[in-house]
Each structure stands twice: as structure tokens, then as C-alpha cells.
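Taking it in order: structure first as C-alpha cells, then the write-up.
Protein chains get the first letters and strands the later ones, always in sequence-line order, with residue 1 at the start of each.
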2 protein chains.
Amino acid sequence: MGARRADRARKRLTIAEIAALAGVSTATVSRVLNGKRDVSPETRLKVQRIIAAHNYQPNALARSLSLRRTHNLGLIIPHTAEYLVSFPYFSELIRGISQRANAAGYRLLLATSSSERSSEETYGEVLRGAVDGLIVVDLKVQDERLRWLRREAVPFVLIGRPLEPEPSSEVAGVNCVDSDNVGGAYRATRHLLELGHESIWLINGPPEHAVSVYRERGFRRALEEAGRSAEGRVLAGPFTVEAGYELTQTLLARTRGRSRGGIGIGIVAASDLQACGAVLALREAGLRVGADVSVVGFDDVPLARAFDPPLTTVRQPIFEIGKEAARLLIRQIEQPDAPPLQTVFPTELIVRRSTRPLAHSDE
Amino acid sequence: MGARRADRARKRLTIAEIAALAGVSTATVSRVLNGKRDVSPETRLKVQRIIAAHNYQPNALARSLSLRRTHNLGLIIPHTAEYLVSFPYFSELIRGISQRANAAGYRLLLATSSSERSSEETYGEVLRGAVDGLIVVDLKVQDERLRWLRREAVPFVLIGRPLEPEPSSEVAGVNCVDSDNVGGAYRATRHLLELGHESIWLINGPPEHAVSVYRERGFRRALEEAGRSAEGRVLAGPFTVEAGYELTQTLLARTRGRSRGGIGIGIVAASDLQACGAVLALREAGLRVGADVSVVGFDDVPLARAFDPPLTTVRQPIFEIGKEAARLLIRQIEQPDAPPLQTVFPTELIVRRSTRPLAHSDE
DNA sequence: TTGTACGCGTTATCAC
DNA sequence: GTGATAACGCGTACAA
């Protein structure tokens, strides 16, 4: 009762009202709120009581406006569903970012980019002072966002690593977090080599993704070190089951005639989904995965070890990557002069049953 | 040149500066900005030119403070990784929410709830005027958050449906979006009945989740309609592969002796992950899934159809649910007097090869 | 130690 | 039509 306005929005108290209640000035309340030292123990206690009694919460907006800092981190979700499917751990990433951000007193602001709007529009809109910095995912080979972000002098951190030949700019000049994709693909490929596979292929992600370039590098390096050529050994497509299936079929068509009916084929896939698609196609062709042929995935999604056969795969610490991204961004925001940092997390080859030494043909 | 402060934050223009540049008052600029009619075509054009020339973006914070509306929607991410794993479409949900929100001029603000903090603390923090409303996921059977949200009179929408016996309150009093879990479980169970399975089980999610209660209802209803008892037929655990595996093992132990070595068992699982775990355990016990026994999953994750056997499962339109949730929340925010709405999306049984008519034992 | 007064960037209510 | 000017809620010089 006594509520003047419709009580729907339950009028929240302001610092002025708290001040009045406590018989002090707003400045004093603000000091107490922010833990400043210049306030006597008695007044502090008095104010704290009032604050607690009324469950007062300072308005975040007003505080942001005054401080010129929102304590919001921005993340643009790629528009394409395809990308998200390709990234089964997207929720893990968000969780990692969000956890670290919250722990440091920041929130995470999300927006989707729509294909109709340029990245400039999207980012500009999110900006408008709503965010202290941005986390950029889904890094492209030639990513126009980089130049824009630099020009606007927005603190930002990349998930992924820009490719070196970025025109007129040092890679070292940006904050970025990535997993060791080159190493992951390298080890996966070596693994197949060591198993004795003769015909080794990479089913890669779309070539415009920076991550695809890195994985192909690891693949090529392993092959070349073994004195083999990677020419014509790389197929590319979406990170989906379907793509894995179809690319494996074209791969089989290409090898037909060459090898012994496909026996000896080894496939490194850029996602577990693709790997599963590959397994399907291989089985359809009458090949035994984990005996005649081998397949390695990427990501280690929850279902990878329940698959038949349990999938050998390259695990990435997505949650950690998210946390680190938030950490670096916050660091850049709070210490603008701190030099940018590049963090690379190791990947791990999880060996299960989809990769095995070749069965001897004389058995 | 001429930059006064360190050029790192590239001073953004204010409405006052635009006004000065255009030779008008801030009020006029504001009118142009917000498309008000009371401004002459000439001045409008003049102001628009200046705005475009300087790429001016009004400050979202100041605007929010003035309007007392942030255009932010809040979503609390459950702390437990377990929950997220159980919810493979979490990214889909976020995408749905975010897309609808952005389309309507809203942003999505994320925060994680940490187990140490009460929901009141978590939500209170998000409040602080940082959001206009909240989306609540992971609804519990007795969810303390409901009462709190009502008391604080925060606009909110539930993903999921509260259970009827919520003390002293009409279910109809809240906005909520859910998929038809009762119907989904019902149809999955009927499907198994129609295939001739004798020993039908539900591997459910944790009982504290509201969704588990609904799914059990559908399961029971189908069984009872068929004149069977569901007593002792429900096992519960996390939504993981491991839980599915282990619960199936205990289930097999219980049936041992009774049925013909397990033949005729039919399992409805509350997630595709659990279903895959169940398949593993059944196979280990020497049973042929899709012949001797059947398994139905829930969710239709991308790998479900690549699984061996391809998984029969109950599909939910997660993306749509996200969009609808955002729609309802925004509606509640913009029309506080509009009566709350309950939307239930149909679920769909996708029949694949993990469920089949029982093989005749005389074959 | 405490209080006054102004700035943060918009919107909106008045006058003119 | 247009322009001062008071909110919006908080932080913080500066003065006391």
C-alpha cells in the first residue's frame, strides 16, 4: 500500500533515498558502496545497515554511464547454423567465457550477426557503448573484422589465430587464444602413418576458416616429413555428418582401382561429425573401420566414445579456451597498455578403436 | 592529429557535438534520431547528413538510463556442466533467443549461476537494472526462483512448464514455452508397445527436473492405457552416456531370469546420450539393438542418425523454443498488462533403426 | 571525514 | 518546428 505507481515494477531505491534514510550524503553512500576508506566506521556501519535492510542494489546503468565502463563483454554469434553445428562445444565456450567473466565482475552480452548486415553494422550496433570489448569467434582467412576492430581501437580477443600474411600488421599485435590445430592435425596424421596406412586423406573444414588452414598445415607437415606428398589428398566441406559422408564417397571413387579396394585408407577429419559420416561411407563400401581403414575425428564430442567404433579424435580444451579469452580481454580492458598476448592450448590425441594397425591381408 | 586524449579509445561523438555541428539543439538531433515527426524536412536532412558523415552512434547506456529500459534480455546459464551436456542443443536455444531478440532490437545478456551463490544473489545481480526481463531455463520441480521472480515483479518467461501443484498460484499466471514432453514420451512408449516389446523401461533424467516429471507421465500413460503397470520400470540419472550405460546394466540385472535373456526389452531414454549408452550396454549383453531389443532417444542430436544403429528419437524444436521464449518475454516487457501465455511445441518421433518389431525367436 | 555540485549522454517536457 | 532544461542514478573533484 502507499505505492504511487502501479506496483508492477516495484520501485527500486536510489542512492539518494538511501542517503536520506541514513542521514548522510550520496557521496558517503557511494563511498561505502565502493569500499573507499575515507569514511568513519560508525557511518559506514549505519549506511551498510540501511543498504542491507532495503536490499538496495546500485543501478548498473547509471554506474556504467558514470564510470564510462559497462563491465560487459560482447560476443557475436555467427549467423550460420552450420557453423554452430560444426562447433558442438559452442556452449562450452560460452560457459568458459561467462564463468571467467562473472568471476571478474563482468557480464557477457550476446548478439547474432545476420548475413544481410555487414560486420561493421553488427559490431557497431553492439558497440554503441554497450560493451567494453569483444570476443571474436569463427575467424576467417581474410577477416575484415580485424582491421575494423583495430581502427575503432576496441579491445578485443580472437578465438583462433590470424594467419601470418595479414597485410601490414604484426600477428603479435592482437590478443588471441587458440588450440594447437597444427599440432593436433600433425599428430593425428602421424598416428595414421605409424599404423601403416598407405592412403592418407584430410577431410577438412571449409577453406575460408582460418582453422582449416592450420589443420591442413599439420596434415601436410606430417606427410612431407614421411616423404609423402599431400597433393590431392585434401577434401573440404562443412563440419557436418553429411559432408563427411559425401567427401568420403568421392574419396573412395578417386582411389578405386588404385589401392586394394580401399584397404589401407586413413582419414583425418576436421570434426567428429565428419568423422562419423566418413565411417558410415566406409562401412557402406564394405570396409571395416578400425581394421581395414582408420578414421580420426576432431573435438571429442560426448558421443565420440559411444560411437561404433569408439572414435579416435583430437580433443581441444574448449572450456579453457573460453576462460582464457575472457581473461585476456578483461586484462586488455583494464590495462590498455599491456602488450597483447597469444595463448595456445595443446590438443590431445585420444586413441580409441576407429584407428588400428592394418589387419594383415593374409589373415 | 589534433587528438587530445590518447587516441586509443577514439572519442565517440555525443549528441551535443552533433547538434553543434548541425547548428541545432540536442533536442532536434534526438528527434531525428528517433524518427519523431515534429521536425522540418530540411533540418532533418541536415542533421542526418552530419550523423552519417561522422558515423555517429547514440550511446546505448545513456539512452537506457533515460528511458528506464535497457533492451537487454537476461539468461542465467546453469552452473553444472552436467546440465549443459544433457542439453546438446543449448547453443541452438541461445541462437533462437538471440536471433529473435536482435530482430526486435534487444540484446541477450548472459550470466552463469555459481553453486555457491543463491539464485537470489545471482538474479539480483543480473537485475540491478541491467536487464528488462529474464529467461529461466532448467526448471526444477520445486523452483524457488518462481516465487522470487513474482515477488520482484520481474518480467520473465520459463523454458519448461511448472508443475500444477505449485502452491497458491495458477500455472496460467506465467509465460512459458515448452515442448510436448508428455506427448513425446507417450508416443515413444506406444511405439515400443506397438512393436511388441514386453519389458518396457524409462531411463529418465534426474527427478528434480520438471521435464523428467512430464516425461514420466507420458511413459506411464502409455503403459497404463495398454493395461500394463509402470511400477519399478523407471530409472533415473544424469543425461549422460555413462548414466545410460549404467542404468541399462542395472536394468538388465533386474530382468535377468525373467525374460528370455533380455529379448523383448524396450527402452525410452530421456536423452540421445543416454540412449547411446543404453545401446552400448545392451550390445555388451549380447543383445541386438533393433532386433532383439529397441531403444528410443530424446533430442535428435546431429549424431543420432549416424549412430549404429541410427537412433529412433523424439525431436524437439529447440531453436523455435528459443525464438518463442524471446518473443513472449519481449511482449511481456512491452505490454505489461498482456496476459501471460503458454506455448507448447509438438515433439516428433523420428523412427530409425534402433527400434524394430521383435525378431521372431523361431528364426 | 563529510557534503555539494557537476559530469556521464540521452530523452522528454515545457515554453517559445 | 525548435530550443532550453530537467530528469535518469551514480561517481568524484573540490570545498568545507
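- Taking a heavy-atom distance under 4.0 Å as the criterion, the stretch of DNA chain D touched by chain A extends 5' to 3' from D:dG9 to D:dA13.
- The stretch residues 17-32 of chain B touches DNA chain C through B:A27, B:S30, B:R31, each having a heavy atom under 4.0 angstrom from the strand.
- The shortest side-chain heavy-atom distance between A:I333 and A:L73 falls under the 4.5 Å cut-off.
- Residues B:H71 and B:D132 have side chains that never bring a donor and an acceptor to within less than 3.5 angstrom of each other.
- Side-chain atoms of A:R327 and A:N175 include no donor-acceptor pair closer than 3.5 Å.
- Within residues 38-45 of chain B, the residues having any heavy atom closer than 4.0 Å to DNA chain D are, in order of number, B:D38, B:V39, B:S40, B:T43.
- In this structure, A:Q342 contributes its side chain and A:V174 its backbone to a donor-acceptor pair below 3.5 Å.
- For the atom pair B:L328 CG and B:C176 SG, the distance stands at 8.5 Å (nearest 0.5 Å).
- If you check every strand for non-hydrogen atoms under 4.0 Å, A:L65 touches a base.
- Nearest approach of B:L21 to B:H54, heavy atoms of both residues: CD2-NE2, 3.5 Å.
- Residue pairs that meet the salt bridge (charged side-chain N to carboxylate O under 4.0 Å, His left out) test with at least one member in residues 22-39 of chain B, sequence neighbours left out, do not exist here.
- Residue A:I135 holds its CD1 atom at 11.0 Å from CG of A:L109, rounded to the nearest 0.5 Å.
- Contact record, B:G129 with B:T70: O-CG2, 3.0 Å, taken as the closest heavy-atom pair.
- Listed here is the closest heavy atom pair of B:D143 and B:D138: OD2-O, 4.1 Å.
- Here chain B contacts DNA chain C (any atom closer than 4.0 Å to a heavy atom, that is under 4.0 Å), and the contacts span C:dG9 to C:dT13 from 5' to 3'.
- Side-chain contact check for A:N34 and A:R63: at least one donor-acceptor pair (N or O, by modelled atom type) lies under 3.5 Å.
- In this structure B:A104 satisfies the side chain to side chain contact (heavy atoms under 4.5 Å, CB included) test together with B:Y106, B:I330, sequence neighbours excluded.
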